[in-house]
Amino acid sequence: MTGSEESPSFRLAYVPGVTPAKWVRIWNERLPGTPLVLTQVPAAEADALLRAGEADAGFVRLPVDRDFFSAIPLYTEDTVVVVPKDHVITAAEEVTLADLADEVLFHPLDDVFDWDAPPGEPGFERPATTLDALELVAANVGLLIVPQSLARLYHRKDLTYRTVVDAPQSRIALAWPEEVTTDRVEDFIGIVRGRTVNSTRGRATPPEPKQQKKKPAQGASGQKSGKPTGRPVRGRSGGRPGKPRRKS
C-alpha cells in the first residue's frame, strides 16, 4: 500500500488485558499530526477485524495465522486462578493444576486458553464471557483460570487470585496483515521495538539530504586554482631558466 492510500489516522486494535497507553503516548509525541484511534476487541474477534481491514494493526493473543499475519511477540503473561477471598486456596502463594483437580472450574466461551483437556470438574454450564464466569465465581459455585491481566482488569473486592505455576500461558503480540505493511505500521513497529526517533528504521523524521561539496574552480590550463604547486616553471625550450642556449 502506498502512502497516498493510507488512512489519515492509525487504527490500533487491542484485546482485553492489554494496556497500550505507553505506546500511544509515544506515538502522539512523535506523530502529532496523525491521530491514533484505539478499538478494544474480544480476543476471539481480533483476527476477523484485522482481516477485514477495520484496523491497521492490533495487540492480539497468540497464536495467529502466520501465513496471513506478521507478528512480533512482546511478552508472556502469568496464569492465575480467580477465587473468592475466603477460599482455602488463598492460604497458598502459588498452586498447581493438581491442586485444582477437585474444584469446579468454569471455561467460558471466550476462554483464551485452548485446553486439550480442561482441568478440574466441569461447571454446570459454559458462561458466555469471562465476566459472566466471574459472577459465578463470586457466587461461590466455581473457580476460573485466566491470564493475570484479565484478573486485574476485572478486579472485584470479593475476589482474589493465585498463580498457577504449571498452567498454559498466554502470549501477547503486535500483529498486522503481512501484505498491508504501511508506512504507519512501520512507524508503530519502531515505537514498540523501542527505536529512537533518529533510528535508521524510524520514519517519523527522515534524515536531511547531505549537501554536496563544491569542487574548486579550474584554470584555463585545466589546473586547479588555489595554492601554487611549489615547482619551478620550465621554459618552452625545455632548458633551465636563466641559461641561454649555446650556438653551434
Side-chain angles (χ1 to χ4, degrees), residues 9-31 36-82 94 97 106-116 118-119 129-131 133-134 144-155 159 161-182 184-195 199 201-202:
S9 62
F10 181 68
R11 301 163 302 166
L12 179 67
Y14 68 102
V15 298
V18 175
T19 306
K22 175 182 69 174
W23 297 299
V24 172
R25 175 180 55 79
I26 297 173
W27 175 279
N28 291 335
E29 291 172 355
R30 293 189 184 179
L31 296 100
L36 190 153
V37 180
L38 287 171
T39 301
Q40 189 179 77
V41 57
E45 299 176 16
D47 182 292
L49 185 84
L50 290 169
R51 287 179 184 271
E54 295 178 19
D56 300 300
F59 289 114
V60 303
R61 295 188 183 275
L62 295 176
V64 295
D65 180 3
R66 297 305 291 265
D67 291 332
F68 185 85
F69 292 105
S70 291
I72 301 173
L74 300 176
Y75 58 89
T76 301
E77 292 191 70
D78 288 336
T79 302
V80 302
V81 58
V82 182
E94 298 176 337
L97 290 175
F106 291 108
H107 301 283
L109 297 178
D110 65 353
D111 194 347
V112 301
F113 298 117
D114 185 18
W115 299 99
D116 292 331
T129 68
T130 298
L131 276 173
L134 288 172
L144 176 67
I145 294 177
V146 292
Q148 186 174 9
S149 66
L150 293 184
R152 289 175 173 172
L153 177 65
Y154 302 132
H155 171 72
L159 301 178
Y161 58 84
R162 292 293 184 267
T163 301
V164 186
V165 294
D166 57 347
Q169 294 178 308
S170 178
R171 293 186 298 157
I172 299 297
L174 176 68
W176 66 96
E178 185 173 4
E179 294 185 357
V180 195
T181 306
T182 66
R184 290 300 176 234
V185 170
E186 291 285 2
D187 288 332
F188 195 74
I189 291 171
I191 290 172
V192 169
R193 286 193 180 277
R195 298 179 191 139
S199 168
R201 295 291 301 275

Would W115 and I145 satisfy side chain to side chain contact (heavy atoms under 4.5 Å, CB included), going step by step from the backbone distance to the final call? CA-CA 11 Å; W115 299 99; I145 294 177; 4.1 Å; yes
Would you please test L12 and D56 for side chain to side chain contact (heavy atoms under 4.5 Å, CB included) and show each step? CA-CA 6 Å; L12 179 67; D56 300 300; over 6 Å; no
So, R195 and E186, do they make that salt bridge, N to O below 4.0 Å? no
Taken to the nearest 0.5 Å, the spacing of L174 CG from R193 CZ works out to 9.0 Å
Please check: side-chain N/O of R184 versus main-chain N/O of R11, any donor-acceptor pairing under 3.5 Å? no
How far does CZ of F113 sit from NE2 of H107, to the nearest 0.5 angstrom? 11.0 Å
Roughly how far, to the nearest 0.5 Å, is OH of Y154 from OG1 of T129? 7.5 Å
Would you name the heavy atoms of L38 and P20 that are closest together and state the gap between them? CD2-CG, 4.1 Å
Would you compute the distance between atom CG of L36 and atom CZ of R25 and round it to the nearest 0.5 angstrom? 13.0 Å
Is any side-chain heavy atom of D78 closer than 4.5 Å to one of Q169? yes
Over all atoms of both residues, closest heavy-atom pair of A13 and L49: CB-CD2, 3.5 Å
Let's go through V112 and V146 carefully: what are the C-alpha distance in whole Å and the side-chain angles of both, what is the deciding distance for side chain to side chain contact (heavy atoms under 4.5 Å, CB included) to 0.1 Å, and is it a yes or a no? CA-CA 8 Å; V112 301; V146 292; over 6 Å; no
Could you go through residues 63-75 and list every donor-acceptor pair under 3.5 Å that involves a side-chain atom there, pairing it with any protein atom two or more places apart or in another chain?
unit_1 : atom_1 : unit_2 : atom_2 : d
D65    : OD1    : D67    : N      : 3.0
D65    : OD2    : R51    : NH2    : 2.9
R66    : NH2    : A71    : O      : 3.4

What residues form a side chain to side chain donor-acceptor pair (under 3.5 Å) with T76, not counting sequence neighbours? none
Working for side chain to side chain contact (heavy atoms under 4.5 Å, CB included), residues V185 and F10: CA-CA 8 Å; V185 170; F10 181 68; 4.0 Å; yes
Any non-hydrogen side-chain atom of I172 less than 4.5 Å from a side-chain atom of E77? yes
I need the R171 CZ to R61 CZ distance, nearest 0.5 Å. 12.0 Å
State, without any angle test, whether T130 and D110 hold a side-chain donor-acceptor pair at a distance under 3.5 Å. yes
Ignoring hydrogens and angles, tell me if any N or O in the side chain of T79 forms a donor-acceptor pair with the backbone of P168 under 3.5 Å. yes
State, with a plain yes or no, whether a side-chain heavy atom of F106 is found less than 4.5 Å away from one of V82. no
E54: what forms a salt bridge (charged side-chain N to carboxylate O under 4.0 Å, His left out) with it, not counting sequence neighbours? none
Closest non-hydrogen atom pair, P108 against L144: CD-CD1, 3.7 Å
Validation row, ring centre W176 to ring centre F188 under 6.0 Å: no
Closest approach of P16 and P42, non-hydrogen atoms and distance? CD-CA, 4.2 Å
What is the minimum heavy-atom distance between V60 and L50, and which atoms define it? CG1-CD1, 4.2 Å
